[in-house]
There are 2 protein chains.
Amino acid sequence: MKVSEALEISRKIAEDVEKAVNRIAGSREAGVTVAMGKDGTPTKKIDRIAEDIALKILREHDLKIITEESGVVGDGETIVALDPLDGTFNASRGIPFYSIALCFSKTEALGGMFFAYVRDLASGTEYHSDGKSYRNGERIKVSETDDVRCNAIIYYPDRIYPFRRIRVFGSSALEICMVADGTFDCFIDIRKDCNGRGYLRVFDISASLFIARNAGAEISSLDGDDLWKKRFTMDERFRILVSGKNLHEKLLDVL
Amino acid sequence: MKVSEALEISRKIAEDVEKAVNRIAGSREAGVTVAMGKDGTPTKKIDRIAEDIALKILREHDLKIITEESGVVGDGETIVALDPLDGTFNASRGIPFYSIALCFSKTEALGGMFFAYVRDLASGTEYHSDGKSYRNGERIKVSETDDVRCNAIIYYPDRIYPFRRIRVFGSSALEICMVADGTFDCFIDIRKDCNGRGYLRVFDISASLFIARNAGAEISSLDGDDLWKKRFTMDERFRILVSGKNLHEKLLDVL
């Protein structure tokens, strides 16, 4: 699949999902649980609506799709990781901070990605990367700060950190893009579940990791390990650090 | 001053500030430091624009105004505490989460408040209280949950808490209103500066505390002390807990 075709498909999906989601965002109906997702978390009605629209369009193409609610769908050579609605809580409560994220990969590993797309569904702001990264069509780059007294997004602080500001908006895909464009200096997720695993799933973050990397970000696990050999599977969980190059080593020390 | 007049003045200010602020929100210009505020924090251009508009309207009335950038202005009997732009960082970066907050009081103490107004300047959502509390004209009330595994706004977590979700959006005035209307279960600010004082100032929170109280919230310091005898001064700093009545004691124990 060509990059231009991936962009066209992504944009079509995002526009259709945006319309449908915004129609019920903030309503009681939006937050009703309709099933359990394949990832083991409850599927809300607003998730289902978003995923149905996205899958309908994706299934017109020869793809293997990995997605939050339905798991793995199709068996094409090109892999698509899809989070049809990242920030379900915000969307269901009418808080204007939720997004759609999808990426296209030539291989089963994150390193095979060749296109990624994230759209802020409340504002319509669009991020994409085809090797270079863009916000509403304009090139973006990460912040160059080397000061740990920085503006951080962190899930969740477990002690006092040296950061200047801390924010937690509730849509990781969008928040990582806000590191890619320099709005924030770093994105960190240190959460562990009772089994010591992280919370982020591959479809939550792969698209925005590709966008961030191609905007100059350094990306790693909290141990500093590379993530690009990780695979597109339902099982993988991530604890990650995304920041500019001048801050990455310093933040690994802080964490 | 009558409640109806206070509402009219507040709405006029908020509408004018909203237009002016949204014109430059997200631009480089918005975040330029133009002076030091009377509260000791830098005044950004977007703060100055908001405050100039608000003060111009307020000064047509016989009021004593206490505000972030200019300190105390006027010597009327009715006191107004004004935060012309709460969430300056968000507004200057184009993140759609910032607000204006103002309240009217018959006395120098917070207990003298008789009207409060907070407006989400990005969405236009309007909160006010005249003894009862409203969101866009509809009565609101706090959540009734008694489960500490709740949806919390907390500045900033300093250890692992039992909350279900944590959010930090960056506009306390608006976030406290989101507790008033049940979107979140609690608002907590535990931050201390190097002198052991809190961060919140009276004009940051007084309006939304009045709105939250009249929506059924329990409000206290982190020691459980009442805040209504606190005075409208530039010097006061707050560390607070705002939640529904069923959760308040339990959260004081957790904190």
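Keep in mind the model is a prediction, meaning the values are calculated, not measured. So you know, we letter chains A, B, ... as the sequences are listed, proteins then strands, and number each from 1.
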Peer 1: Is the count of non-hydrogen atoms from other residues, nucleotides or ligands lying under 6.0 Å from A:Arg197 atom CZ greater than 12?
Peer 2: yes
Peer 1: Between atom CZ of B:Phe169 and atom CZ of A:Phe169, what is the distance when rounded to the nearest 0.5 Å?
Peer 2: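 Going from the CZ atom of B:Phe169 to the CZ atom of A:Phe169 covers 7.5 Å.
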Peer 1: Would you sort out whether A:Arg159 and B:Ile160 count as a side-chain contact (heavy atoms from CB on, under 4.5 Å), showing the intermediate values?
Peer 2: CA-CA 8 Å; A:Arg159 55 188 167 85; B:Ile160 293 175; over 6 Å; no
Peer 1: Looking at B:Ser123, B:Gly94, B:Gly170, B:Pro157, which one has more heavy-atom pairs under 4.5 Å with chain A than the rest?
Peer 2: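 Heavy-atom pair counts peak at B:Pro157.
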Peer 1: Has A:Lys245 got more than 12 heavy atoms of other residues, nucleotides or ligands less than 6.0 Å from its NZ?
Peer 2: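 Yes, the 6.0 Å shell around NZ holds more than 12 heavy atoms from other groups.
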Peer 1: Show which side-chain atoms of residues 28-35 of chain A pair as donor or acceptor with protein atoms under 3.5 Å away, not counting sequence neighbours.
Peer 2:
{"from": "A:Glu29", "atom 1": "OE2", "to": "A:Lys45", "atom 2": "NZ", "distance (Å)": "2.6"}
{"from": "A:Thr33", "atom 1": "OG1", "to": "A:Lys44", "atom 2": "NZ", "distance (Å)": "3.0"}

Peer 1: What is the distance from atom CG of B:Asp158 to atom OH of A:Tyr161, rounded to the nearest 0.5 Å?
Peer 2: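 Separation between the atoms: 11.0 Å.
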Peer 1: Is chain A contacted by the side chain of B:Ile154, its backbone, both, or neither, given a heavy-atom distance below 4.5 Å?
Peer 2: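 For B:Ile154, neither part sits under 4.5 Å from chain A.
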Peer 1: Determine whether a donor-acceptor pair (N or O, by modelled atom type, separation under 3.5 Å) exists between the side chain of A:Tyr156 and the backbone of B:Ile166.
Peer 2: yes
Peer 1: For chain A, which residues from residues 174-191 of chain B have at least one heavy atom closer than 4.5 Å to it?
Peer 2: B:Met178, B:Gly182, B:Thr183, B:Phe184
Peer 1: Taking atom NZ of B:Lys132 as the centre, report whether more than 12 heavy atoms of other residues, nucleotides or ligands fall under 6.0 Å from it.
Peer 2: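 No, the 6.0 Å shell around NZ holds no more than 12 heavy atoms from other groups.
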Peer 1: Can you tell which part of B:Asp120 gets under 4.5 Å to a heavy atom of chain A, answering side chain, backbone, both or neither?
Peer 2: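 For B:Asp120, no heavy atom lies under 4.5 Å from chain A.
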Peer 1: Are the side chains of B:Asn90 and A:Arg167 in contact, using a 4.5 Å heavy-atom criterion?
Peer 2: yes
